[in-house]
> 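So that we are looking at the same thing, I have put the structure below in structure tokens.
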Amino acid sequence: MKRTQHCGELRAAHVGQKAILMGWVHARRDLGGIVFIELRDREGNTQVVFDPQHNKPSWELAQSLRSEFVVAVEGFVRKRPEGTQNLKLPTGEVELLVDHLEILNPSETPPFQLDETGSAQANEELRLQYRYLDLRRPSMTKNLKLRHRVAKAARDYFDTNGFLEVETPILFKSTPEGAREYLVPSRVNPGKFYALPQSPQQFKQMLMVAGVDRYFQIAKCFRDEDLRADRQPEFTQIDVELSFITREDMYALMEGLLATVWLAARGEKIPTPFPRMQFLEAMERFGSDKPDTRFGLELVDFTKEFAQSKFKVFRGAVDSGGVVKAINAKGLASVTQGQIETLTETAKSFGAKGLAFIKVEGGEWKSPIVKFFNDEEKKALTEKLKIEEGDLILFGADKRETVWEVLGRLRLIIAEILKKEGKLKVPEDQWNFLWVIDFPLITYNPESKRHVATHHPFTSPVVEDVPLLDREPTKVRGQHYDIVLNGVELGGGSIRIHQPELQKKIFEQVLQIPPEVAQSRFGYMLQAFRYGAPPHGGIALGFDRLCAILCGTPNIRDVIAFPKTAKAVDLMTNSPSEVEPKQLRDLHIKLDVEDAG
RNA sequence: GGGGGUGUAGCUCAAUUGGUUCAGAGCGCUGCCCUGUCACGGCAGAGGUUGCGGGUUCGAGCCCCGUCACUCCCGCCA
């Protein structure tokens, strides 16, 4: 038997034709005299009918069918009797009357039910253990398909625009800057290791030196860091690099890509060009470099107003060079003491000394601090925060970075609370794309007491800021850009340094990497740049995150066929696992762990 | 490394303050009945070391300690 159609294909137009379908028994409805089977494959469901008056042997065999049996059915397509059409199914106008049934493979009773209309979904641990069953569920199949369509649209887009897809090595060199790497021991080079790439960054820059001009890759990347709902140890990036471009070229290119992808995946037109926001503005208004601009709750500055305040906490912050900012949590005066405590704890965990607040209730400001405010200060607050009955005002007064961080986090928490209480609507299908630009090239890290690259050390400074590199490196802006969507960092990139002297200066003078270390890690790069490296720049988008957003799930595991748990374990294959002593001997590795197997 | 949540039947969950619903419901599963169902229906039935180990108590699914797994967050992710 050879399959003639898939299970989502038959329509009224096929009525009268012979058809052979193959698939899984999705549901069995045995009415005693007549048996209905809903047959499922990747493309959909079709009702097949076993009628003893039509074909007795098939009907008899159909008694033994159970969930998830794999079967082939041969029969003819007929219109369902009047009144029995199922408008919920695309194939619901017709059914297949079976002449011949073949059980290709029986199935044990699945550990969880695969239908999605009935009982609630099984927990994720079980789903991951039996991922091959979980992926049969139509909602997961839908995610796999959407992911494919996005990848296909991206490939076509890049192809149309003159890009070459080039694969880069998975076995790479260890470069301990940045994320922790997965190491791979080399058998033929005892004691030496490869590392799996955190990204193809250095290779794609070498491809530019190689004259590839326009490169892209849908690239696997690896980071041995702790996981999150939106972070897996191995993940996929849409990786892009071009020669002879400016930032403006990059914005237009990526806007075109995302518009293409949204059209392909969701059939939606998204407006381009995307708005742009400077890093400083994002931090001042939203307390985040990836602001969700779908709702307000913006940070409002009161540094000037409280510079002479009698309230010592605010005045002290201003006197020592800090800022005073506030947000109005509209309608949250109903906040409980417990919630205030939680918010205060959150604020403290991000470096605040406390959390000053005002509840506006019953026409008065209820707050332990309001007695310190004079009329002018109250007036400024009322006007700039548009204070009304029922509002809750939260303050941050500290170093400006601390206030950004604290109020930025509180803003998101408050939005969640307001959403739950129905006081704030954040549309899920509104797409607020945003370029965040003009990041500082260099950030001072107080813990290591040295300057670090905000993005990565290959990012080119803004040309007119280069003279500041020696005197005030943190004032230098980088030619870096992030693409943000609804508060999620979709990706980022930069125009790169292509001059060997400037690159060497960044490594050695600014980032204080010892020359011999810079030479051993990046020497080949500095050398390559001496052989006519074109000006170039690139970007990388988080492909899993992109797909998750398009699928409407907050969890990237839902768009990855075989993801790992929060402890980086694959529950289906039980990896990682112990290895044979011989394997370790071959690799010249001795273990130093308790309970080693 | 730290903090929060969860763990009871194959699955999803319930079980008032520790004590007459000390193990229950729906779905699934098994058997029987049923010729137009599509969340089919009806009848009957099987199925439990309440994650694991300890402790407190006259008595623990519930309280305490430890541990394991999953999950969310912080740190981390150039």
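Just so we're on the same page: letters track the sequence lines, and every chain starts at 1.
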> Considering only the P atoms, how many Å lie between B:C32 and B:G19, rounded to the nearest integer?
43 Å
> When the nearest nucleotide of RNA chain B is assigned to A:L97 and to A:T109 on a heavy-atom basis, which residue is associated with the more 5' position?
A:T109
> Can you give one letter per nucleotide of nucleotides 70-78 of chain B, going 5' to 3': B for a protein heavy atom under 4.0 Å from the base, S for sugar-phosphate only, - for none?
SSSSBBBBB
> Tell me the partner of B:A9, counting only Watson-Crick (N1-N3 plus N6-O4 or O6-N4) or G-U wobble (N1-O2 and O6-N3) with both under 3.5 Å; none if nothing fits.
none
> Show me the donor-acceptor pairs within less than 3.5 Å that the side chains of residues 506-514 of chain A make with the rest of the protein, sequence neighbours left out.
from, atom 1, to, atom 2, distance (Å)
A:E508, OE1, A:K504, NZ, 3.3
A:E508, OE2, A:K504, NZ, 3.3
A:Q512, NE2, A:Q509, O, 2.7

> Just to be sure I understand the rule, does A:L511 reach a base, reach only the sugar-phosphate, or reach nothing, if contact means heavy atoms closer than 4.0 Å?
nothing
> A:D289: which residues meet the side chain to side chain contact (heavy atoms under 4.5 Å, CB included) condition with it, sequence neighbours left out?
A:F279, A:M283, A:F439
> Please check the phosphate of B:U30 (OP1 and OP2 only) for any side-chain N or O of A:R66 closer than 4.0 Å.
yes
> Is A:R40 salt-bridged to A:D115, cutoff N-O under 4.0 Å?
no
> Can you tell me if A:R42 has over 12 outside heavy atoms packed within less than 6.0 Å of its CZ?
no
> Just to confirm, is there a sub-4.0 Å distance from OP1 or OP2 of B:U37 to any side-chain nitrogen or oxygen of A:R29?
no
> Would you classify A:Q47 as touching base, sugar-phosphate or nothing, given that sugar-phosphate means primed atoms plus P, OP1 and OP2, and contacts are heavy atoms under 4.0 Å?
base
> Quick one: salt bridge (charged side-chain N to carboxylate O under 4.0 Å, His left out) pairs with a partner in residues 341-355 of chain A, sequence neighbours left out?
A:K353-A:D398
> Given atom CG of A:L96 and atom C1' of B:G36, what is their separation to the nearest angstrom?
16 Å
> Atom CZ of A:R28 to atom C1' of B:G36: distance rounded to whole Å?
17 Å
> Salt-bridge test for A:R80 and A:E93: reply yes if a basic N is under 4.0 Å from a carboxylate O, no otherwise.
no
> Taking donor-acceptor contacts at under 3.5 Å, does the side chain of A:R78 reach the base of B:G36?
yes
> Does A:E516 have more than 12 heavy atoms from other residues, nucleotides or ligands lying within 6.0 Å of its CD?
yes
> Would you mind pulling out the nucleotide paired to B:G53, Watson-Crick or G-U wobble, both distances under 3.5 Å?
B:C65
> What integer distance in Å separates A:L126:CG from B:C13:C1'?
15 Å
> For A:P111, which contact category applies under a 4.0 Å heavy-atom criterion: base, sugar-phosphate, or nothing?
sugar-phosphate
> Below 4.0 angstrom, N of the basic side chain to O of the carboxylate: do A:E124 and A:R131 qualify?
no
> So what does A:E95 touch, heavy atoms closer than 4.0 Å: a base, only the sugar-phosphate, or nothing?
base
> Does anything in residues 480-503 of chain A form a salt bridge (charged side-chain N to carboxylate O under 4.0 Å, His left out)? List the pairs, not counting sequence neighbours.
A:E241-A:R496
> Looking only at atom C1', what distance separates B:C68 and B:U30, rounded to whole Å?
34 Å
> B:A69 P sits how many Å from A:D570 CG, rounded?
15 Å
> List in numerical order all residues of residues 497-510 of chain A for which some heavy atom is under 4.0 Å away from an atom belonging to RNA chain B.
none
> Please give, in whole Å, the distance from B:G26 P to A:Q121 CD?
23 Å
> Over how many whole Å does the gap from A:L114 atom CG to B:C27 atom P extend?
18 Å
> Roughly how far apart, to the nearest Å, are B:G66 and B:U49 at atom P?
26 Å
> Considering the options A:Y194, A:F203, A:F222, which one meets the side chain to side chain contact (heavy atoms under 4.5 Å, CB included) requirement together with A:F172?
A:F203
> Start with the C-alpha distance between A:E405 and A:R409, add both sets of side-chain angles, then the distance that settles salt bridge (charged side-chain N to carboxylate O under 4.0 Å, His left out), and finish with yes or no.
CA-CA 6 Å; A:E405 169 107 27; A:R409 298 280 185 164; 3.4 Å; yes
> Tell whether A:Q53 reaches the base of B:U35 with its side chain through a donor-acceptor pair below 3.5 angstrom.
yes
> Say you pick atom C1' in B:U50 and the same atom in B:G61; how far apart are they, in whole Å?
5 Å
> Rounding to an integer number of Å, can you tell me how far A:Q113 CD sits from B:C27 P?
10 Å
> Is A:F112 stacked on the base of B:C11, with ring centres under 5.5 Å apart and planes under 30° apart?
no
> Applying a 3.5 Å limit to both distances, which nucleotide forms a Watson-Crick or G-U wobble pair with B:U30?
B:A44
> In whole Å, what is the span from the CD atom of A:Q85 to the P atom of B:U37?
12 Å
> Side chain of A:L31: nearest nucleotide among B:G31, B:C40, B:G10?
B:C40
> When rounded to the nearest Å, what value does the distance between C1' atoms of B:C33 and B:G24 take?
28 Å
